[in-house]
2 protein chains.
Amino acid sequence: MTELKKAHRRPRSDGQRNHELLIETAKAAFHAGEIDIPFDEIARRASVGIGTLYRHFPNRDALIEAVYRSELEKLANSATQLAETRPPVEALREWMLLFIDYIAAKQVIAPALNALVSGTSALYAASGEIITTAINALVARAVENGDIRSNIEPLDLLRALVGVSNVAAAPGWEASAKRLVDILIAGMRAV
Amino acid sequence: MTELKKAHRRPRSDGQRNHELLIETAKAAFHAGEIDIPFDEIARRASVGIGTLYRHFPNRDALIEAVYRSELEKLANSATQLAETRPPVEALREWMLLFIDYIAAKQVIAPALNALVSGTSALYAASGEIITTAINALVARAVENGDIRSNIEPLDLLRALVGVSNVAAAPGWEASAKRLVDILIAGMRAV
DNA sequence: TATATATGCGGAGCTATCCTCCGTTTAACA
DNA sequence: TGTTAAACGGAGGATAGCTCCGCATATATA
């Protein structure tokens, strides 16, 4: 009597709890500067088994993405905001500066942006897309308006910024990055 | 009769041999695309003990620097060449393009440039300095000539390029990077 | 050539991290 | 309350980094 009752069960509550618990635990650790925290240690702090952690997040990148997905979405949303309230080039410029602020505020987000911008980890596809879409829109708008040249690869702008911000060591990196924004903007202007 | 004869002995010939042998072995592996080759494996291929490898190079970065030091020096030298034969801005631009060519030709050099440009590894101090000096000179020359603005942090230009080149995955990165050079040059021009 | 010793060699083995596998437990549903 | 799919948990295999120290040998000296 093998019934075909493949009816889906509601996800187990403990599973959902642990999922969130792990994200919170990882976020806390990251914000405390423990970027290289062993995966095992995260499980220990969340009081779950290692197996559980790995079931929820197949690798470190997946966990980082989960932790910062909401942050990245916020960043993407502000692009829409800026596009509605500012002239095209200004919007683009402000957003790039905002991008830097994000890195500055939470250095931890850097690996996320790195992976996102390098596109190597397929896992970042989702979050990566919203950021890519955001800057594409900003650049397209500025191009249509005749403000900047059309042979720009939008993502390259972010790549350049991430490249500079990788230098977390150097104290003045933030100022450097902001100067770079202006150089890029000036360099992109339509002749 | 403890003589104070602290006379220095000539370095042992086998030591020098192994030093070079290890560099050659590593270079061969890197050029074969085996970037993540285990340290132990390098020792094995060179037919020396692991202890020997670690005595000569305290870590992976040190070995990479040794392998690419001569390449980096060549790159630095070409800056002098360009400075002597080209107008300031052209020299700077050409050198930046050359910089990209280097990354393109040997992707392996990327980690070296990365570490160099981020300045985190003290071990890159030596090689890093010659590159830094090279671009500083090129930029200074262009500034003196009144061609570009003076508030440029030369190293940031390289950082931006390295940032873009980190995207080895994307097929069109080289073209991207070269476009970026022109954007940067245009953006730096004195108004 | 013989001796002394500084210098370098080699690799067992300790540590740390990642990740898998599978027996046990538990929440959802009837 | 019983059945079962879903989730748990952690032992342990695999791999890489690195250290330590007894042994070997090249160099300098007699």
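By convention in this document, chain letters (A, B, ...) are assigned in the order of the sequence lines, proteins followed by strands, and residues within each chain are numbered from 1.
Between B:H56 and C:dC9 there is a side-chain polar atom (N or O) within less than 4.0 angstrom of OP1 or OP2. Listed pair B:N59 / D:dG17 fails the phosphate criterion, with no side-chain N or O lying under 4.0 Å from OP1 or OP2. Within the 4.0 Å cut-off from OP1 or OP2 of D:dA26, not a single side-chain nitrogen or oxygen of B:S13 is found. For the pair A:T52 and D:dG9, the criterion of a side-chain N or O lying under 4.0 Å from OP1 or OP2 is met.
To the nearest angstrom, C1' of D:dG10 lies 13 Å from CG of A:L53. Protein atom CD of B:Q16 is 9 Å distant from nucleotide atom P of C:dG8, rounded to whole Å. Here the P atom of nucleotide D:dT27 and the CG atom of B:D14 are 7 Å apart, to the nearest Å. To the nearest angstrom, P of C:dC9 lies 9 Å from CZ of B:R17. Counting to the nearest Å, the P atom of D:dC18 and the CZ atom of B:F57 are 14 Å from each other. Put simply, CG on A:D36 is 9 Å from P on C:dC18, counting in whole angstrom units. Separating the CD1 atom of B:I50 from the C1' atom of D:dG22 is a distance of 17 Å, rounded to the nearest angstrom. In this structure, A:R55 atom CZ and C:dT24 atom C1' are separated by 12 Å, rounded to whole Å.
With values rounded to the nearest 0.5 angstrom, B:R179 atom CZ is found 11.5 Å from B:E174 atom CD.
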Show me the side-chain donor-acceptor pairs of residues 92-100 of chain A shorter than 3.5 Å, one per line, residues at least two apart or across chains.
unit_1, atom_1, unit_2, atom_2, d
A:R93, NE, A:D182, OD1, 2.6
A:R93, NH2, A:D182, OD1, 3.3
A:W95, NE1, A:L75, O, 3.0

Query raised in the report: Which is it for A:T52 and A:N18 under the side-chain hydrogen bond (donor to acceptor under 3.5 Å, both in side chains) test, yes or no, and what are the steps along the way?
Result: CA-CA 8 Å; A:T52 300; A:N18 279 336; 5.3 Å; no

**Report entry** Test side-chain contact (heavy atoms from CB on, under 4.5 Å) applied to A:K74 and A:Y102, step by step
**Finding:** CA-CA 10 Å; A:K74 252 185 279 177; A:Y102 260 76; 3.6 Å; yes

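Applying the side-chain hydrogen bond (donor to acceptor under 3.5 Å, both in side chains) test to every pair with at least one member in residues 38-48 of chain B, sequence neighbours left out, gives these pairs: B:E34-B:R45, B:E41-B:R44, B:E41-B:R45. The side-chain hydrogen bond (donor to acceptor under 3.5 Å, both in side chains) contacts involving residues 135-145 of chain A comprise A:N145-A:D147, where partners must be two or more places apart or lie in separate chains.
Across all strands shown, B:H19 has no heavy atoms under 4.0 Å from either base or sugar-phosphate atoms.
Using a 4.5 Å heavy-atom threshold, the side chains of B:Y54 and B:N59 count as separate. Between A:E65 and A:D61, the closest side-chain pair of non-hydrogen atoms is not below 4.5 Å. Side-chain atoms of A:R17 and A:S13, non-hydrogen and from C-beta on, do get closer than 4.5 Å to each other. Counting heavy atoms from C-beta on, the side chains of B:V143 and B:I152 never come closer than 4.5 Å.
For the helix from C:dT1-D:dA30 to C:dA30-D:dT1, the rotation axes defined at the first and last 5 base pairs enclose an angle of 10°, given to the nearest 10°.
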Sub-3.5 Å pairs of nitrogen or oxygen atoms, protein against nucleotides 1-6 of chain C:
unit_1, atom_1, unit_2, atom_2, d
C:dT5, O2, B:R9, NH1, 3.3
C:dT5, O2, B:R9, NH2, 3.0
C:dA6, N3, B:R9, NH1, 3.4

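Residue-to-nucleotide proximity on DNA chain C shows that, of B:G51 and A:R10, the 5′-proximal contact is made by B:G51.
By the neighbour-count criterion of 12 heavy atoms within 6.0 Å, atom CD of B:Q81 is sparsely surrounded, having that number or fewer from other residues, nucleotides or ligands.
Of the residues in residues 38-47 of chain B, those with a non-hydrogen atom less than 4.0 angstrom from any atom of DNA chain D are B:P38, B:F39, B:D40.
Classified by interplanar angle (parallel below 30°, tilted 30° to 60°, perpendicular above 60°), the ring pair A:H56/A:H19 is perpendicular.
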